[in-house]
Amino acid sequence: MKKFINAPEAVLAEALSGIAAAHPELKVDAENKVISRGDAGRRGKVALVSGGGSGHEPLHGGFVGLGMLDAACPGEVFTSPVPGQMLAAAQAVDGGAGVLFIVKNYTGDVLNFQMAAELAAEEGITVETVLVDDDVAVKDSTWTAGRRGTGATVFVEKIAGALAEQGAGLAAVAEMAKRVNAASRSFAVALTACTTPASGKPGFDLPEDEMEVGVGIHGEPGRRREKLRPAKEIVATALDAILTDQPLDTGDETIVMVNGLGGTPLIELYVVFNEVAAALADKGVVVARNLVGNYVTSLDMAGASLTVCRADADMLSLWDAPVNTPALRWGS
Amino acid sequence: MDASMFRAWIHEAARSVTKNADHLTRLDSAVGDADHGINMRRGLQAAVAMLDETRPSTPGAVLATVGRALISKTGGASGPLYGTGFRQAARTLGEDADVSAAQLGAALAAALTGIQRIGAALEGDKTMIDALSPAVTAYQAVIDTGGDLTNATRAASDAAARGLKQTAEMQARKGRASYLGARTIGHEDPGAASTVLILSALATICSAGERHADGNP
């Protein structure tokens, strides 16, 4: 393992200090491990809090700021944060209009946020929770923990964040977050496993000429292994999985994200996006907005995920609203 | 069994989990996300630190402290699950300074119920329940036939170990391992493995407590 670290157990704390140094506009509570907006707690504004294991940067801390999250709680690498952390975040950002927890659907995140919501209620903070579960690689059945939350988290945080910024109430913001999640599907393919700083070894063995199809963002293996194929065919597999789950019609408008998992160069992500854009154009589907880059990573994993959101006019307008965070920034 | 024995149990559990942390993490990398050993070590070491600092004086207070520490320091699913288990066990023990073998059995059963309530796992789902549930049953069977604390905790630990072995043949239906479906078959469940370590630590302390007539290992 070759990594830029001082000690595996110090990675999270030192990265948080780095974020604080790089982004003086944010508040970093080193003790509770909470990153929040400099102006958090604005009266009457619904506050958005998300969090999850670290190792997915820029998710979630990189999305704290105007028009997106009010606070993020990073856990240890690939480990859900703890209830006390989430409670501290909720207390730091509540402006009296309530707090929306945006939770990726993983057992640990769900259980810890659930406990935090109970603690927050005891403190008199109104909390709504929205689960993100967009990964179609996992069958949503009684025999699994349900679909995983991945790329759609960025869409949910951006669009719901914009609505909250405009002054909408908690119920409306939660409703919009649910709509975006319901309209989004993702699928990922890994070319290599990732290595956590603590274990120092790749999470699984993947031969040089194979890929993991339907991989998760924590190094959990995917649903099957296949021989590596050209980008065009890999995109066809991913898009097929997404469109089988949520068919799109000619003329449908979408927001599409081609997301790198941490170890894939941007030039390859553009090769992937080129294929996605062509395949969707063939079907008459409109790519109204897009993101190409590293937004929901899995440490150093080489690979990419594709997220497609069928967006209505409200979503597109909220997508275009100003955002000013470390990782997403446009408008004014 | 008094507070000092309960504290000794948690010390022993922390020692054992720390020693086996790499093994737990290896099990977790086969079916999950390779952090179970690291998380459990962090959680139990925090529990020991909190016990050493606050020195709670009743068994119930010891277990409540452990539950709080696990929830606030472990992270992942294991923190809320084990934390809730210890807190529910603590509740059944009340403020008694010394608890009987039968009371400990009730506490273990309450832990099982609490964990199942929030985790919603059943036996056969390939989770810690597959170690804890047979352990609770085996413990109770020994008590019902007039056995003592040493025998009951040993039976619980042995039953948990057998349950753990059986998880290798199961397909995961809960937690992150469930995404892998049939690919989980052949691997022991890391949560069941940590449950075995915790219950085995209890058996170790109870048999040592019997050797030391003062119950103070």
Side-chain angles (χ1 to χ4, degrees), chain A residues 8-9 33 52-55 73 75-85 87 106-116 119 135 137-139 141-148 193-205 214-225 298, chain B residues 21-22 24-26 28-43 45-46 67-84 87 115 117-122 124-127 170-184 187 191:
Chain A
E9 61 279 8
K33 301 198 177 74
S54 291
C73 317
E76 294 293 329
V77 172
F78 292 170
T79 298
S80 127
V82 294
Q85 219 176 328
L87 175 64
Y106 298 96
T107 306
D109 295 79
V110 171
L111 290 179
N112 283 284
F113 268 106
Q114 199 176 308
M115 296 196 127
L119 294 173
D135 186 351
V138 176
K139 289 269 177 293
S141 79
T142 48
W143 307 116
T144 68
R147 289 201 312 226
R148 299 179 287 229
C194 59
T195 300
T196 63
S199 83
K201 290 185 290 288
F204 53 88
D205 299 314
V215 76
I217 55 170
H218 301 90
E220 66 266 54
R223 60 175 174 186
R224 63 175 187 275
R225 245 166 224 199
S298 186
Chain B
D22 288 346
L24 293 176
T25 292
R26 264 199 306 280
D28 196 27
S29 66
V31 299
D33 53 358
D35 64 0
H36 189 59
I38 298 157
N39 293 346
M40 288 303 291
R41 180 175 60 200
R42 182 175 53 243
Q45 287 180 349
R68 270 200 305 279
L70 292 180
I71 289 170
S72 65
K73 296 292 177 194
T74 311
S78 313
L81 290 169
Y82 275 120
T84 299
R87 286 175 58 161
I115 291 170
R117 182 174 53 78
I118 68 161
L122 302 171
D125 285 349
K126 197 183 184 93
T127 69
M170 298 172 186
Q171 177 170 332
R173 291 179 193 152
K174 290 285 167 192
R176 223 164 260 179
S178 70
Y179 308 138
L180 288 177
R183 281 165 71 172
T184 58
H187 301 282

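Just so we're on the same page: letters track the sequence lines, and every chain starts at 1.
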Give the member of [options] that has the highest number of heavy-atom pairs under 4.5 Å with chain A.
{"options": "B:Gly75, B:Pro80, B:Gly175", "result": "B:Pro80"}
{"options": "B:Ile38, B:Asp35, B:Ile118", "result": "B:Asp35"}
{"options": "B:Thr84, B:Thr25, B:Ile71", "result": "B:Ile71"}

State the [atom1]-[atom2] distance between [X] and [Y], to the nearest 0.5 angstrom.
{"X": "A:Leu87", "Y": "B:Ser72", "atom1": "CG", "atom2": "OG", "value": "12.0 Å"}
{"X": "A:Phe204", "Y": "B:Leu180", "atom1": "CZ", "atom2": "CG", "value": "10.0 Å"}
{"X": "A:His218", "Y": "B:Tyr179", "atom1": "NE2", "atom2": "OH", "value": "8.0 Å"}

_Contact class of B:Thr74 relative to chain A, heavy atoms under 4.5 angstrom_ =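 Just its backbone gets close to chain A.
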*Under a 4.5 Å heavy-atom cut-off, does chain A meet the side chain of B:Arg26, its backbone, both or neither?*
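Interface part for B:Arg26: neither.
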*asked:* Checking the side chain of B:Ser178 only, and the main-chain atoms of A:Ala145 only, is there a donor and an acceptor separated by less than 3.5 Å?
replied: yes
*Counting only N and O atoms by type, is there a donor-acceptor contact under 3.5 Å from the side chain of A:Asn112 to the main-chain atoms of B:Ala77?*
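No; judged by distance alone, with no hydrogens or angles, the pair does not exist.
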*Measure across A:Thr79 and B:Arg42 and return the closest heavy-atom pair with its distance rounded to 0.1 Å.*
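Answer, listing the atom of A:Thr79 first, then B:Arg42: CG2-NH2, 3.9 Å.
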_Pair A:Arg225, B:Arg183 - check side-chain contact (heavy atoms from CB on, under 4.5 Å), show working._
CA-CA 11 Å; A:Arg225 245 166 224 199; B:Arg183 281 165 71 172; 4.1 Å; yes
_Verdict with supporting geometry, A:Arg148 and B:Arg176, side-chain contact (heavy atoms from CB on, under 4.5 Å)_ = CA-CA 9 Å; A:Arg148 299 179 287 229; B:Arg176 223 164 260 179; 5.9 Å; no
*Which region of A:Asp135, side chain (C-beta onward) or backbone (N, CA, C, O), has a non-hydrogen atom less than 4.5 Å from a non-hydrogen atom of chain B, or is it both or neither?*
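Contact with chain B is absent: no heavy atom of A:Asp135 under 4.5 Å.
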